[in-house]
Amino acid sequence: MKKKLLSMALVAMMVAAMFSACGKKESTGMTVNDGVLTMATNAYFPPYEYYEGEEIVGIDADIAKAIADKLGLELKIEDMEFDSIITAVQTGKADMGLAGMTVTDERKQSVNFSDSYATGIQVVIVTEDSDIATVDDLAGKKIGVQLATTGDIYSKDDFGEENVEEYNKGADAVMALKQGKVDAVIIDNEPAKSFVKANEGLKILDTEYVTEDYAAALNKDNTELLDAVNKALAELKEDGTLQSIIDKYIPAE
Ligand code: GLN
């Protein structure tokens, strides 16, 4: 009886292996669908990802393209709410989340993170005439954030849920600040800079809120892809490609 069960299990495993081999490419050692590396992102996060006409461009888009090239894969970018990226990676809808995403212990429960490729800083945007001068002055103020980002998570912890207004896009939080619906916006420094540049009457506080690491999010089961992405990232760091991509989008001040 035991033997029979064992052989049935073996057959099941073989069938499963045959099916999973269909339509997948494993020439580079990792499993992705049909030679396409699908990247999930939220394309409202300049200069990491944003629309230029119909096309999604930015630091993450260029890095993903360079990684895909190294792995001999075609890159496809899927734009979605920031909040959906981790689920997309978990369910296999996307192979990789690349979205200026901060490595956190909580997210590590759901996905694997690659080595870090950039540093992010949570900063505070206020209106030029604001009486808020430091992070401490935020106590009791209304804070606008982008839903499910670290700015959202940390500010709810530090300043109370009732003081935090969540918006789907960073730009919507910034608009609310301009309209006086919130007193400050907490968001990553590079998007903050481009929002302040695009909108008059805003400034970024000198005091920084939190410093964090950005990395690619990958499916927990696809450790081959994790290794391949880390190897590609290491090469891109080594040969200066990564720095030149960053310099292209973040001009030296
Ligand atoms: N770095 C922030 C986070 O990971 C925001 C990322 C984003 O909005 N794209 O939560």
Side-chain angles (χ1 to χ4, degrees), residues 38-52 56-64 77-90 93-94 96-125 135 143-159 161 164-177 182 184-199 204-205 208-219 229 233 245-246 249-250:
T38 307
M39 158 183 161
T41 199
N42 173 252
Y44 297 89
F45 196 71
Y48 284 90
E49 38 268 329
Y50 57 98
Y51 280 95
E52 214 168 72
I56 296 171
V57 298
I59 294 172
D60 287 338
D62 280 14
I63 291 175
I77 304 180
E78 297 260 15
D79 185 18
M80 59 187 73
E81 297 297 343
F82 183 75
D83 206 12
S84 308
I85 297 172
I86 289 196
T87 316
V89 171
Q90 277 184 304
K93 189 171 177 269
M96 172 170 84
L98 206 56
M101 190 183 283
T102 303
V103 178
T104 70
D105 286 337
E106 206 193 328
R107 291 174 182 164
K108 275 189 195 165
Q109 316 267 321
S110 314
V111 289
N112 278 336
F113 279 106
S114 71
D115 296 330
S116 177
Y117 63 90
T119 302
I121 304 166
Q122 296 296 316
V123 296
V124 184
I125 310 178
V135 172
I143 302 166
V145 295
Q146 186 186 355
L147 180 70
T149 60
T150 47
D152 183 11
I153 299 159
Y154 302 153
S155 55
K156 280 199 289 201
D157 263 2
D158 289 345
F159 304 106
E161 253 176 66
V164 178
E165 294 289 331
E166 296 165 316
Y167 298 88
N168 272 328
K169 297 186 178 80
D172 296 342
V174 170
M175 197 49 70
L177 174 63
V182 296
V185 168
I186 294 184
I187 197 160
D188 303 50
N189 59 328
E190 289 305 331
K193 279 196 241 163
S194 50
F195 291 139
V196 166
K197 210 167 147 196
N199 291 279
I204 299 172
L205 293 189
E208 295 166 352
Y209 182 38
V210 184
T211 302
E212 36 193 34
D213 289 323
Y214 291 167
L218 299 141
N219 190 290
V229 167
L233 269 178
I245 291 173
I246 293 172
Y249 289 98
I250 307 178

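Atoms within a ligand are numbered from 1 in the order they appear, just like the ligands themselves. What you see is a predicted model; the values in this text were computed from it and never measured.
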Purely on distance, is any nitrogen or oxygen of T150 under 3.5 Å from one on ligand 1?
-> yes

Any side-chain heavy atom of E212 sitting closer than 4.5 Å to one from D188?
-> yes

Backbone N/O of T119 and side chain of D213: donor-acceptor pair under 3.5 Å | no

Numbered atoms of ligand 1 (with element) below 4.0 Å of E212, judged on heavy atoms | 1 (N)

For the residue pair Y214 and D60, confirm or rule out a side-chain donor-acceptor distance under 3.5 Å.
-> no

Hey, does the side chain of Y167 reach the backbone of A176 with a donor-acceptor pair shorter than 3.5 angstrom?
-> no

Could you tell me whether the side chain of N42 and the main chain of M80 form a donor-acceptor pair under 3.5 Å?
-> yes

Contact between Y48 and ligand 1, counting heavy atoms under 4.0 Å?
-> no

Residue among K169, Q146, E49 satisfying side chain to side chain contact (heavy atoms under 4.5 Å, CB included) with Y44 | K169

D188 to ligand 1: N or O pair under 3.5 Å?
-> yes

Polar-atom distance check: A99 versus ligand 1, any N or O pair below 3.5 Å?
-> yes

To atom 8 (O) of ligand 1, the nearest of K169, Q146, E190 on a heavy-atom basis is Q146

Assess the side chains of Y249 and D62: does a donor N or O sit below 3.5 Å from an acceptor N or O?
-> yes

Ligand 1 contact by E49, heavy-atom criterion under 4.0 angstrom = no

For M101, counting its heavy atoms only, list the atoms of ligand 1 lying under 4.0 Å from any of them.
-> 4 (O)

Mode of R107 contact toward ligand 1 - side chain, backbone, both, neither (heavy atoms, under 4.0 Å) = side chain

Mark the output for G100 as yes if a heavy-atom distance to ligand 1 is under 4.0 Å, and as no if none is.
-> yes

Measure the spacing between NZ of K93 and CD1 of I85 and express it to the nearest 0.5 Å.
-> 10.5 Å

Report, in ascending order of atom number, the atoms of ligand 1 lying under 4.0 Å from any heavy atom of Y214.
-> 1 (N)

To which protein heavy atom is atom 7 (C) of ligand 1 closest, and what is the distance rounded to 0.1 Å?
-> F45 CE1, 3.2 Å

